[in-house]
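Atoms within a ligand are numbered from 1 in the order they appear, just like the ligands themselves.
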Amino acid sequence: MRVKIAIDGPAGAGKSTIARLLAKRLGLRYLDTGAMYRALTLAALQRGVPCSDEEALLRVATSMDLKIVFEQETKSNLIYLDGEDVTFLIRQPEVNANVSLVSSHKKVRDFIAALQKEIGRQGSIVMDGRDIGTVVMPDANWKIFLQASVGERARRRMREMQRNGHDVDILELEEQIRQRDHLDSTRENSPLRKAEDAIEVDTTHLSIEDVVDKVLAIIRGADRDV
Ligand code: DC
C-alpha cells in the first residue's frame, strides 16, 4: 500500500523536524516542499529577476535545473540548483525575506505544485508545507496540521539562530512570524489553511519526541480525537 502523509502548518510549528523524524521511523521518503520555493527564490535573486514579476519568475522556474536528492540515512533533502549544492544557501536571510512573495504567485505555485504532485506519485512519502493536504496531496492517507503559539515559535527560531551564531531580538522575531503568518494565510492562491479532514496537533508545550509519538499514535489509529 502507498502511504502518503501530509504535514502542514505555519512557520516554526515544527513541521520539517517532525516530518523528517516520522519519515525515519516509518521508513518513508521525505520532501521539504518549502525548499523548492526557496530554490526558485535563490535562482531569481542570482539572475536579478524581481520577485514581484510573475511571468519572469515562471521563466526562471521552467529554465532552472532543480534536483532534489533524497538522503536515505538522515532523510534530509539535498537541493541542487544548476548543478550546485544550495542546501545551505537557500536558508540565507535574503531568501527568507523574499520567499513569501515568490510563493504568492499563482503561476509559480501551479508549476511547483505540479512537480510536487509528480514526486508524490512516485511512491510512499511524508511531505511538509502549507498546502499539502489541500492541494498537493488531497488524497493523503493522513493529514496533520501542526500548530504552536507565536511566542513559542519565536523562541524556537531564536534558539536555532543562536546555535548558528546570530544575535536576535525575540520581539522582532515574533513580529516577523506574525507578518509571515499573515502573508501565508491571506494570499489569494492556495493560502495556508487546515484541510477539513486534517487532525490538528498543538505542539506549544510538547517536546519533539512527544509530537512524533503523538502523530505516530494518530497514524496507528490509537488517537483520532486530538
Ligand atoms: O517552510 P519554509 O519556511 O521553508 O517555506 C518557505 C516559504 O514557502 C514560506 O513563506 C511559505 C512557502 N511555502 C508555500 O507557500 N507552500 C509550501 N508547500 C511550502 C512553502
Side-chain angles (χ1 to χ4, degrees), residues 4-20 22-23 29-45 51-52 54 57-58 60-61 66 68 75-79 81 86-120 125-138 140 143-148 150 153-154 156-158 160-161 164 173 175-195 198 203:
K4 294 184 181 186
I5 303 176
I7 310 280
D8 288 301
K15 293 183 303 289
S16 51
T17 309
I18 302 303
R20 208 163 51 78
L22 270 180
R29 285 180 306 156
Y30 161 62
L31 178 67
D32 168 3
T33 61
M36 297 170 74
Y37 290 100
R38 288 175 175 275
L40 172 59
T41 305
L42 179 67
L45 292 170
C51 296
S52 53
E54 182 168 16
L57 284 172
L58 187 63
V60 176
L66 176 65
I68 299 157
K75 297 293 176 191
S76 2
N77 294 159
L78 300 180
I79 312 293
L81 178 64
V86 295
T87 311
F88 294 101
L89 267 185
I90 59 169
R91 309 274 157 203
Q92 62 181 305
E94 216 187 338
V95 174
N96 293 342
N98 288 284
V99 65
S100 276
L101 177 58
V102 168
S103 65
S104 68
H105 302 293
K106 176 161 177 24
K107 290 180 182 172
V108 166
R109 297 201 70 80
D110 287 350
F111 182 83
I112 300 279
L115 298 179
Q116 293 165 348
K117 285 179 184 177
E118 180 52 36
I119 295 170
I125 196 157
V126 182
M127 273 193 212
D128 85 276
R130 307 292 193 287
D131 58 348
I132 309 305
T134 51
V135 175
V136 178
M137 298 201 299
K143 299 180 185 179
I144 307 292
F145 194 86
L146 294 182
Q147 204 36 291
V150 171
R153 288 190 281 141
R156 289 176 188 170
R157 182 104 185 93
M158 182 178 73
E160 182 189 326
M161 292 181 78
N164 294 330
L173 281 180
E175 188 45 38
Q176 281 171 12
I177 287 180
R178 276 201 192 88
Q179 272 177 22
R180 226 162 106 178
D181 281 358
H182 183 71
L183 276 176
D184 289 346
S185 56
T186 57
R187 71 172 174 229
E188 204 175 316
N189 306 304
S190 42
L192 167 69
R193 79 178 164 79
K194 179 172 163 273
T203 73

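Among protein residues, T33, G34, Y37, R38, R91, V99, S100, S103, R109, G129, R130, D131, R180, D184, R187 come within 4.0 Å of ligand 1, judged on heavy atoms.
Residues T17 and R156 bring no donor and acceptor atom of their side chains to less than 3.5 Å of each other.
Listed here is the closest heavy atom pair of I132 and A6: CG2-CB, 3.5 Å.
By the 6.0 Å contact criterion, CD on E118 is enclosed, its count of non-hydrogen atoms from other residues, nucleotides or ligands being greater than 12.
Summarising the geometry, atom NZ belonging to K75 is positioned 14.5 Å from atom CG belonging to D32; distances are rounded to the nearest 0.5 Å. Annotation: the span from L58 atom CG to R109 atom CZ amounts to 14.0 Å, rounded to 0.5 Å.
Formation of a donor-acceptor pair under 3.5 Å by the R153 side chain with backbone atoms of A11 is found in this model.
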